[in-house]
There are 2 protein chains.
Amino acid sequence: MLKPEKYDPLKRSVAHVLDIIGEGWSILIIREAYFGSRRFEDFQRHLGIARNILTGRLKKLCANEILDRVPIKEGAKRHEYVLTAKGKELMPLLISLTHWGDKWVFGENAEPVIFLDRDHREPIKKMKVYSSRGVALRPRDIMVVAGPGASQEAQQRIEELNLAFDSPVDEPPG
Amino acid sequence: MLKPEKYDPLKRSVAHVLDIIGEGWSILIIREAYFGSRRFEDFQRHLGIARNILTGRLKKLCANEILDRVPIKEGAKRHEYVLTAKGKELMPLLISLTHWGDKWVFGENAEPVIFLDRDHREPIKKMKVYSSRGVALRPRDIMVVAGPGASQEAQQRIEELNLAFDSPVDEPPG
DNA sequence: TACAATAAGTTTTTATTTGAAACTTATTAA
DNA sequence: TTAATAAGTTTCAAATAAAAACTTATTGTA
């Protein structure tokens, strides 16, 4: 989708991540892994994905250490694909996706699946953005600044962006 | 990517959402919109996306009410693309994506961008999954049940899935 | 042991999607 | 009035995806 040189300035942050997990099927494969699929045939059957595409996606997810390809048993030639810590930490992403769909695609009382807190069997909290003090934030309450990994251009664009946002609309030009 | 009939059983939940926002570029376009881009040329310049592809993506995002296409001024033929409420609520998704990339792709002290709470200019909380009681949950603390919108097959698969998970590994067969 | 079935891919062929670049038609600015 | 910019559309080549058949292990069973 994107050439590496095109990652800069500002989009690099997310574009690079999307190159790893954003291809068609990849998210669904990761989700299937959460749901307990481990073997090639499990993924294939449950997702109905073409086998050659599945091969490619599994390879890429393994290359990026989202999945680990481990022999079924010592020395076996068949493998299982299991989530790494890196893969497991995509949970917030997966649940954000699900919650958004529940609200905006399927609608209240038509959710296809519900995530529960295993201990109490109660639905988990809806995914939200919180301040460090624990206050839920709306999009307008959030701003962006350049991080230590920002390129020159990214820094510049972010500054412009913040200027544009901060300036009150009705401020007189002088 | 997917034919609608293939949404069932379990993957429908997320697959349908991915059909709306999962195509290459769509997420980046939404992100650009957060960052203040509104016009065709803004998106095109900042993302470096091919114009015909951009046209297609904007159409689809509008059709799905992520973006709203409004005339620049009363009766004008040029338009701006602005996020709808539905679009704005993708914020948790975008930030989940960013935080994950910060940790696993760029690494500590190399984050390209940082989201701040505007009021206090402090980094926001890392996206996490919480129980309804406010306790942070790990993947293993979460389980899934069929919602009211689950198909028959989905219900069945989820049940199998929970059985598989709940049964202690070392339980004797009889 | 042998036979069939299943698992895990690979190969081949076809269809769909992308991407780049040139082209068109408004609108704005000088 | 002319030039420049904006917002697309069209065309065509290259890359990707999908479907189906094929291959090679491994497992289960009579």
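Computed from a predicted model, the values in this text were never measured in an experiment. Reminder, nothing fancy here: chain letters follow the sequence lines and each chain counts from 1.
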Distance in angstrom units between [X] [atom1] and [N] [atom2], rounded:
X: A/Leu47; N: D/dA17; atom1: CG; atom2: C1'; value: 15 Å
X: A/Arg45; N: C/dA8; atom1: CZ; atom2: P; value: 9 Å
X: A/Arg78; N: C/dG9; atom1: CZ; atom2: P; value: 10 Å
X: A/Leu28; N: D/dA17; atom1: CG; atom2: P; value: 14 Å
X: B/Lys73; N: C/dA26; atom1: NZ; atom2: C1'; value: 13 Å
X: B/His46; N: D/dA7; atom1: NE2; atom2: P; value: 13 Å
X: B/His79; N: C/dA26; atom1: NE2; atom2: P; value: 14 Å
X: A/Lys59; N: C/dA8; atom1: NZ; atom2: P; value: 14 Å

### Task
Would you indicate which nucleotide in D/dA17, D/dA25, C/dG9 comes nearest to any side-chain atom of A/Arg69?
C/dG9
### Query
Looking at the side chain of B/Lys77, which of D/dA18, C/dA8, C/dT27 is the nearest nucleotide?
C/dT27
### Task
Would you classify A/Phe43 as touching base, sugar-phosphate or nothing, given that sugar-phosphate means primed atoms plus P, OP1 and OP2, and contacts are heavy atoms under 4.0 Å?
nothing
### Message
Could you tell me if B/Trp100 and A/Glu89 have a donor-acceptor pair between their side chains, going purely by distance under 3.5 Å?
### Response
no
### Query
Have A/His99 and A/Asp102 got a donor and an acceptor in their side chains that come within less than 3.5 Å?
no
### Query
Taking atom types as they are modelled, is there a donor-acceptor pair under 3.5 Å from the base of D/dA20 to the side chain of A/Arg51?
no
### Message
Here's a test of your reading of the structure: between B/Ala76 and A/Tyr81, which maps to the more 5' nucleotide of DNA chain C?
### Response
A/Tyr81
### Message
Taking only side-chain N and O atoms of B/Trp25, does any of them lie within less than 4.0 angstrom of OP1 or OP2 on C/dT18?
### Response
no
#### Entry: Gap between atom OG1 of A/Thr98 and atom CG of A/Leu94 - 0.5 Å precision
5.5 Å
### Query
Which residue, A/Asn52 or B/Arg39, contacts DNA chain D at a nucleotide closer to its 5' end, judged by nearest heavy atom?
B/Arg39
### Task
Give a yes or no answer on whether the side chain of A/Lys60 reaches the backbone of A/Ile21 with a donor-acceptor pair at less than 3.5 Å.
no
### Task
Pick out which of B/Arg39, B/Arg45, B/His46, B/Arg38 makes a side-chain hydrogen bond (donor to acceptor under 3.5 Å, both in side chains) with B/Asp42.
B/Arg45
